[in-house]
Trainee: 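Below are the structure tokens for one structure; questions will follow.
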Number of protein chains: 2
Amino acid sequence: MPGQKASEEARRTQILKAAYEVASRKGLDALTVRLVAHRAKLSTGLVLFHFKTKDQLIIALLDYVLQTTTVLHVTEDITSIPVPLDRLLALLRREMNRLASEPRLIRLFFDFWAKGFTHALVRTKMQAELDRYREAFRPIAHEVLRAEPERFAGVTPEGLSAVAVSFIKGCAVQSMIDPENFDIEEYLSATNGLLGQLAAQTA
Amino acid sequence: MPGQKASEEARRTQILKAAYEVASRKGLDALTVRLVAHRAKLSTGLVLFHFKTKDQLIIALLDYVLQTTTVLHVTEDITSIPVPLDRLLALLRREMNRLASEPRLIRLFFDFWAKGFTHALVRTKMQAELDRYREAFRPIAHEVLRAEPERFAGVTPEGLSAVAVSFIKGCAVQSMIDPENFDIEEYLSATNGLLGQLAAQTA
DNA sequence: CTTCACATTGACCGAGCGTTCAATGCTACA
DNA sequence: TGTAGCATTGAACGCTCGGTCAATGTGAAG
């Protein structure tokens, strides 16, 4: 018996949520139209009625993931930190904590990352996301360098942002494969020791 | 007509090489017994005769990849560098260059990484590899800290090694998705600016 | 040369995949 | 109430996959 109708938008988000549940738990490879339909308690045909193709469903899922969860928010409690380097470190800490606390998200993120190798559109979108993320670090990086120009001689804002992002991604990778032995505080302590020294010496 | 015979060892490496070719180009998902057999110019049955299961083939491929290519070699031209921090930076530079120059390897590496989320044995092996890799950085990290203890107050050798590995993995991730815009020299310059300052101030 | 263990082949199987589509209900509107 | 249009269903199709297996050729031992 064909079920109730629903608005286009409602159905799409319902299906996308189901797709997210499946993909973030079982992996992108295990994402099946049937599995998504079952999770959403719909028929397989309906999923492909709203997303014409499995590929389009995956792209929509990627957009959903990027828009929902991977945006860097520089909140007020961070902008209010006076010393620029402390701001950067606080931002690093929060990002690492956020990623480590959402292993399913990281997992899905890297699944898409791997898929980007084969899938051109996915690659393009991931590149854009990476650029956005790096760009979000730029202002703070710029302030850090401006506060102590002689200490960071030869370091560009772009370079510092890129290093920060690399570091975060590296931590995410590590926490993804070994979430139990991954100690955020040890990382932050080491980073703090390395970067913090620079600030301490200026004061 | 059933073809020529060959020794067990020879056949296994022949198949493994074919598997590596397929997986590193098309991705682990695209790894098919038929594709591997075709690449090795053998029948599909023979692949499963030597590796009883596709899963066992994948595990063997993982071992092959790890043993062949992901070992950290601390060569003499690096150990001969007098200043410990310079040694560490030289090692970082060489590792980043090595990874960036073998995109197919990185790709396969991260494919396995993603698979480790689902596949327990893969995860275990990747964890062990990560530990080995980190451990290889420990001696140099220890020397760096020992050379300037007051500068690196609160930083442990383990922490410094972990940070170094995270940084490398982060760069690898970045270069994987965006190999064209990835500038190793900019990274090294930024890193050098950050870490190098510490050394410069001691001298 | 004969024999025999076994490496090798490729057709075959069942399962699961993405996708299609005729049939079927819902619902807004007349 | 009737009906037109569309959301919804699930069976069906064609395909590829991992895995099996009877048949066949090979090479070493006797």
Trainee: In whole angstrom, give the distance that lies between atom NZ of A:K52 and atom P of C:dT19.
Mentor: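 Between P of C:dT19 and NZ of A:K52: 10 Å.
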Trainee: Would you mind reading off the distance between B:Q56 atom CD and D:dG19 atom C1', rounded to a whole angstrom?
Mentor: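 Going from CD in B:Q56 over to C1' in D:dG19 covers 13 Å.
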Trainee: Any side-chain heavy-atom pair from B:K115 and B:L28 closer than 4.5 angstrom?
Mentor: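 Yes, at least one pair of side-chain atoms sits under 4.5 Å.
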Trainee: B:F49 CZ to D:dT24 P: how many Å, rounded?
Mentor: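 So the CZ-P distance, B:F49 to D:dT24, works out to 18 Å.
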Trainee: Using atom types as modelled and distance alone, determine if a side-chain donor or acceptor of A:T156 lies under 3.5 Å from a backbone N or O of A:G159.
Mentor: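 Answer holds: yes.
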Trainee: To the nearest angstrom, how far is A:L46 atom CG from C:dC21 atom C1'?
Mentor: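 To the nearest whole Å, that distance equals 14 Å.
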Trainee: For a 4.5 angstrom cut-off between non-hydrogen side-chain atoms, does B:L160 reach B:F137?
Mentor: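 SC-SC contact between B:L160 and B:F137 ruled out.
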Trainee: Side chain of A:Q14, backbone of A:A40: donor and acceptor closer than 3.5 Å?
Mentor: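 Confirmed, A:Q14 side chain pairs with A:A40 backbone.
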Trainee: Side-chain donor-acceptor pair under 3.5 Å between B:T75 and B:D77, yes or no?
Mentor: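 Looking only at side-chain atoms, B:D77 and B:T75 do form a donor-acceptor pair, the distance falling under 3.5 Å.
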Trainee: Which of the following nucleotides, D:dT9, C:dT9, C:dA7, is nearest to the side chain of B:S43?
Mentor: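 Output: C:dT9.
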Trainee: Need to verify one output field. Residue with the more 5' nearest nucleotide on DNA chain D, B:T44 or A:L42?
Mentor: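 Between the two, 5'-proximity favours A:L42.
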Trainee: Using five pairs at each end of the helix from C:dC1-D:dG30 to C:dA30-D:dT1 to define an axis, what is the angle between those two axes, to 10°?
Mentor: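 One end axis against the other gives 10°.
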Trainee: I need the CD1-P distance between A:I15 and D:dT8, as an integer number of Å.
Mentor: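 From A:I15 CD1 to D:dT8 P: 8 Å.
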Trainee: The side chain of A:L48 lies closest to which of these nucleotides: C:dT20, C:dT8, D:dG19?
Mentor: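 Closest nucleotide among those given: C:dT20.
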Trainee: Does a donor on one side chain and an acceptor on the other come within less than 3.5 Å for A:S43 and A:R34?
Mentor: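 Short answer, no.
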Trainee: Provide, to the nearest angstrom, the distance between the NZ atom belonging to A:K41 and the P atom belonging to D:dT9.
Mentor: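 It works out to 13 Å between those atoms.
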Trainee: What nucleotide, of D:dT8, C:dA7, C:dT19, holds the atom closest to the side chain of A:T53?
Mentor: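 Nearest to the side-chain atoms of A:T53, counting from C-beta on, is C:dT19.
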Trainee: Answer yes or no for A:K169 and A:Y133: cation-pi contact, defined as NZ/CZ to six-membered ring centre under 6.0 Å and angle to ring axis within 45°.
Mentor: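 Geometry flag: set, cation within 6.0 Å and 45°.
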Trainee: Looking at C:dT19, C:dT8, D:dT9, which one has an atom nearest to any side-chain atom of B:R11?
Mentor: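 Selected nucleotide (nearest to the side chain): C:dT8.
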Trainee: Just by modelled atom types, is the B:M126 backbone N or O under 3.5 Å from a matching donor or acceptor in the B:W113 side chain?
Mentor: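 Not at all, since once roles are kept as given, no pair shorter than 3.5 Å links the two residues.
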Trainee: For A:K54 and C:dC17, give me the distance from atom NZ to atom P, rounded to whole Å.
Mentor: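 Going from A:K54 (NZ) to C:dC17 (P), I get 9 Å.
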Trainee: Could you tell me if A:R134 and A:S166 have a donor-acceptor pair between their side chains, going purely by distance under 3.5 Å?
Mentor: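 Side-chain D/A pair, A:S166 to A:R134: absent.
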Trainee: Between D:dA7 atom C1' and A:H50 atom NE2, what is the distance in whole Å?
Mentor: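 Roughly 6 Å, once rounded to whole Å.
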Trainee: Residues from residues 25-40 of chain A sitting under 4.0 Å of DNA chain D, heavy atoms only?
Mentor: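 DNA chain D contact set from residues 25-40 of chain A: A:R34.
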